[in-house]
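What you are looking at is a predicted structure, and each value in this text was computed from that prediction instead of being measured.
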Amino acid sequence: MKVTIRVKLLLMILIANSALVLAIYIANQIAFEKSFAQYVQSNARDKMQVVIVKVVEMYKAQNGFSWVRHRSAQLSEIMQLYRQVNGDNISRPPKRGRKPEDAHSSGQEYRPKRGNTDASRLPPQNEARPGRKGPPRKGERASSNRLIFKLPNGQLLIGKADMAHSALWLPMYDGDDNAQTKGQGELIGFIGIENGTLITSRFDSIFAKQQAQQFLHIALLALLVTVILAIPFSKYLVQPIIRLRRNARRLAGGDYENKVVLNRRDELGLLARDMNKLADTLAQNQTARQQWIADISHELRTPITVIRAELAGMIDGVIAIDEAQLSSLYEEIERLTNLVDDLHQLSLSDRGALTYNMMPCELSGVLNRCIDKRSTGLSLFEITMRCDDKLTLHCDLQRISQLFDNLLQNTIRYTDVSEQKSGQLSISVTQTSEKTQVIWEDSSPSVAAEQLPKLFDRLYRVDSARTRQAGGTGLGLAICTCIVESHQGTIRADLSDLGGLAIIMEFFH
């Protein structure tokens, strides 16, 4: 099954937003439970302050916690106060109708009903179980948060060890019985509320459940909104991609005129602009290829036409077969051969099939040999060369010689010289730690500044100044470009101070 990018994008948005909503829901639940538990515990501390004051008073009156024991009247009084603080003002009636006050007044210790050995375990009569109204039924255990006491060293005075784990422990200081010294003085012990860290109130539990349900409803609503918004949003993101895909199809079919207009500044807008540039480049390459074929056919047809006409004239007896005519035929064949050789060399360079044997070469020696080879054509030139004899370049000797020879041929063919006016050629070579620069300048004629970048195009000529009279193929500078670039260098043309062209080459080390 083919899954489109819109479906993938929609799924990614839904998964990411679902994970985000789930994380927020869990974080809210944890934060609410923690905050609500702190609220419950703080509420319990505030309620227990009266009980703590009473315990501290008894501690000082009894000189210790000796009264904290089973069946102690003082402990029963603390429990009664604890029940009142929690909203229970009804105490368990004493056995046989006697009241606790009567027992105290008669000097007798009040003892609870036999079988209930822990005064701290006496539940209030009307305390309700969480989630249900009314007193607990017969046979059910009442949910009462019993009091536990322990000394500062952790020794339990009353209560069991398993009760201490979930208890809310409140410290007691000997200054707690005075509002001005509350929380100050010596630590005398701790009073704990069993299950004091848990939410046991029926109303608190209902409120917590309501908050959890509301959080869940909000999370589900957020997911629904995400789904509703993700569908048009994914379509909005995918629509320009579909347009780019259609344009790519047109480019593949050869239609380079159609452009994609996206008024966006994001990556899709950049991609649209790059695709439009690609269309322009492909159109230019197509035009250049067509022009290249036309130029090659023209260059080949010119010498072939001349050779054919002269041979036809010789066969018909119109043209005499002598040394001059044979020399003319040989020159046309030589021109044709040079053109084919240059085309072959350019094709090898384009395919990367040209081999280069790199070695250190002294440029002054290479230049002098090339100049000596072309001494006949340079007889009417004033040559100035500035190159250190020890200056070396890591290059291919054969290719670098071909580079300089092509530049010399270009200078000889396209520089105005005569017996009355000599041409000028200036060669300057400088070298730094980063590059070697060669500046090749000749005298007039020159070319227009806007035509300088086109001089290195294949088969390009400036007919007004540089013609075919000397038999050039129009590929010399293009071959120079291939050689320089193969040596990790750059080549460009500029206007010369001598009135002609300046070819600037830089070879980076």
Colleague: Report the residue from Ile503, Val438, Leu403 that forms a side chain to side chain contact (heavy atoms under 4.5 Å, CB included) with Val484.
Modeller: Leu403
Colleague: Check whether any side-chain heavy atom of Leu393 sits under 4.5 Å from a side-chain heavy atom of Val366, and report yes or no.
Modeller: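 Leu393 vs Val366: side chains apart.
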Colleague: If every non-hydrogen atom of Ile13 is compared with every non-hydrogen atom of Phe233, which pair is closest and at what distance?
Modeller: CD1-CD2, 3.5 Å
Colleague: Taking atom CD of Glu506 and atom CD of Glu434, what is their separation to the nearest 0.5 Å?
Modeller: 10.5 Å
Colleague: Below 4.5 Å, heavy atoms only, C-beta onward: do Arg369 and Lys373 meet side chain to side chain?
Modeller: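 Counting from C-beta outward, Arg369 and Lys373 never come under 4.5 Å.
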Colleague: For Met12, does the CE atom have more than 12 heavy-atom neighbours from other residues, nucleotides or ligands under 6.0 Å away?
Modeller: no
Colleague: Look up atom CD1 in Ile439 and atom CD1 in Ile427, then write down how far apart they are to the nearest 0.5 Å.
Modeller: 12.0 Å
Colleague: Is Arg249 salt-bridged to Asp255, going by a charged N under 4.0 Å from an acidic O?
Modeller: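 Salt bridge absent between Arg249 and Asp255.
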Colleague: How far does CD of Glu362 sit from CG of Asp389, to the nearest 0.5 angstrom?
Modeller: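 Result: 7.5 Å between the selected atoms.
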Colleague: Is there a side-chain contact between Cys370 and Ser401, using heavy atoms and a 4.5 Å cut-off?
Modeller: yes
Colleague: Please report the shortest heavy-atom distance between Tyr173 and Gln184, naming the atom on each side.
Modeller: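 That would be CB-O, 3.0 Å.
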Colleague: With rounding to the nearest 0.5 angstrom, report the NE2 to CG distance, His487 to Asp396.
Modeller: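 Reported to 0.5 Å precision, the distance equals 5.5 Å.
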Colleague: Do the side chain of Asn368 and the main chain of Ser364 share a donor and acceptor less than 3.5 angstrom apart?
Modeller: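 Yes, Asn368 side chain to Ser364 backbone: donor-acceptor pair under 3.5 Å.
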Colleague: Quick one: does any side-chain atom of Asp316 pair with a main-chain N or O of Val318 as donor and acceptor, under 3.5 Å?
Modeller: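 Absent.
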Colleague: Which atom names give the shortest non-hydrogen contact between Ser444 and Lys421, and what distance separates them?
Modeller: OG-NZ, 3.7 Å
Colleague: When you measure from the side chain of Arg243 to the backbone of Val261, do you find a donor-acceptor pair of N or O atoms at a distance under 3.5 Å?
Modeller: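 Indeed, once roles are kept as given, a pair shorter than 3.5 Å links the two residues.
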Colleague: Which heavy atom of Thr432 sits nearest to which heavy atom of His509, and what is that distance?
Modeller: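 Distance-wise, the nearest heavy atoms are O-CE1, 3.1 Å.
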Colleague: Quick one: does Ser328's side chain have a donor or acceptor within less than 3.5 Å of a partner on Ala324's backbone?
Modeller: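 Judged by distance alone, no pair lies under 3.5 Å.
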Colleague: For a side-chain contact (heavy atoms from CB on, under 4.5 Å) check, start with the C-alpha distance between Trp169 and Ile148, then their side-chain angles and the critical distance, and finish with the verdict.
Modeller: CA-CA 9 Å; Trp169 291 103; Ile148 315 171; 3.7 Å; yes
Colleague: Nearest 0.5 angstrom please: Leu10 CG to Thr226 OG1, how far?
Modeller: 11.0 Å
Colleague: Nearest heavy-atom pair of Phe381 and Gln424: which atoms, and what distance?
Modeller: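 That closest heavy-atom pairing would be CD2-N, 3.8 Å.
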Colleague: More than 12 non-hydrogen atoms from neighbouring residues, nucleotides or ligands closer than 6.0 Å to CG on Asp497, yes or no?
Modeller: no
Colleague: Within a strict 4.5 Å, meaning less than it, do heavy atoms of the Met505 and Leu407 side chains meet?
Modeller: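 Answer yes - side chains close enough.
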Colleague: Hey, does Phe507 have a side-chain heavy atom less than 4.5 Å from the side chain of Ile400?
Modeller: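 Yes; the side chains approach each other to less than 4.5 Å.
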Colleague: Take atom CZ in Phe508; do more than 12 heavy atoms of anything else shown fall under 6.0 Å from it?
Modeller: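 Buried by this count: over 12 neighbours within 6.0 Å.
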Colleague: If we only count heavy atoms from C-beta on, is the Lys259 to Asp280 side-chain gap below 4.5 Å?
Modeller: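 Counting from C-beta outward, Lys259 and Asp280 do come under 4.5 Å.
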Colleague: Report the C-alpha separation of Ile371 and Leu425 in whole Å, then their side-chain angles, then the decisive distance to 0.1 Å, and conclude whether the side-chain contact (heavy atoms from CB on, under 4.5 Å) test is met.
Modeller: CA-CA 11 Å; Ile371 292 174; Leu425 173 63; 5.5 Å; no
Colleague: Would you call Leu452 and Leu495 a side-chain contact if the rule is heavy atoms closer than 4.5 Å?
Modeller: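 With C-beta onward as the side chain, the pair touches.
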Colleague: Using atom types as modelled and distance alone, determine if a side-chain donor or acceptor of Asn276 lies under 3.5 Å from a backbone N or O of Val260.
Modeller: yes
Colleague: Is it the case that the side chain of Gln325 and the backbone of Ala320 share a donor-acceptor pair, with hydrogens and angles ignored and the cut-off at 3.5 Å?
Modeller: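 Such a contact is absent between Gln325 side chain and Ala320 backbone.
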Colleague: Parallel, tilted or perpendicular: which one describes the rings of Trp440 and Phe404, with boundaries at 30° and 60°?
Modeller: parallel
Colleague: Over all heavy atoms of both residues, which pair between Asn406 and Ile479 is shortest? Give the atoms and the distance, please.
Modeller: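 Scanning both residues completely, I find the closest heavy atoms to be ND2-CG2, 3.7 Å.
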Colleague: Checking Leu367 against Val429 for the side-chain contact (heavy atoms from CB on, under 4.5 Å) test, could you report, in this order, the C-alpha distance in whole Å, the side-chain angles of both residues, the deciding distance, and whether it holds?
Modeller: CA-CA 10 Å; Leu367 288 169; Val429 183; 4.1 Å; yes
Colleague: Say you draw a straight line from CG of Asp442 to CD1 of Ile383; how long is it, rounded to the nearest 0.5 Å?
Modeller: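 Here the rounded value is 11.5 Å.
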Colleague: Take Arg386 and Ser426, measure what side-chain contact (heavy atoms from CB on, under 4.5 Å) needs, and give me the verdict at the end.
Modeller: CA-CA 8 Å; Arg386 292 181 294 275; Ser426 174; 3.5 Å; yes
Colleague: Hey, are the side chains of Asn357 and Gln398 touching, using non-hydrogen atoms and a 4.5 Å cut-off?
Modeller: no
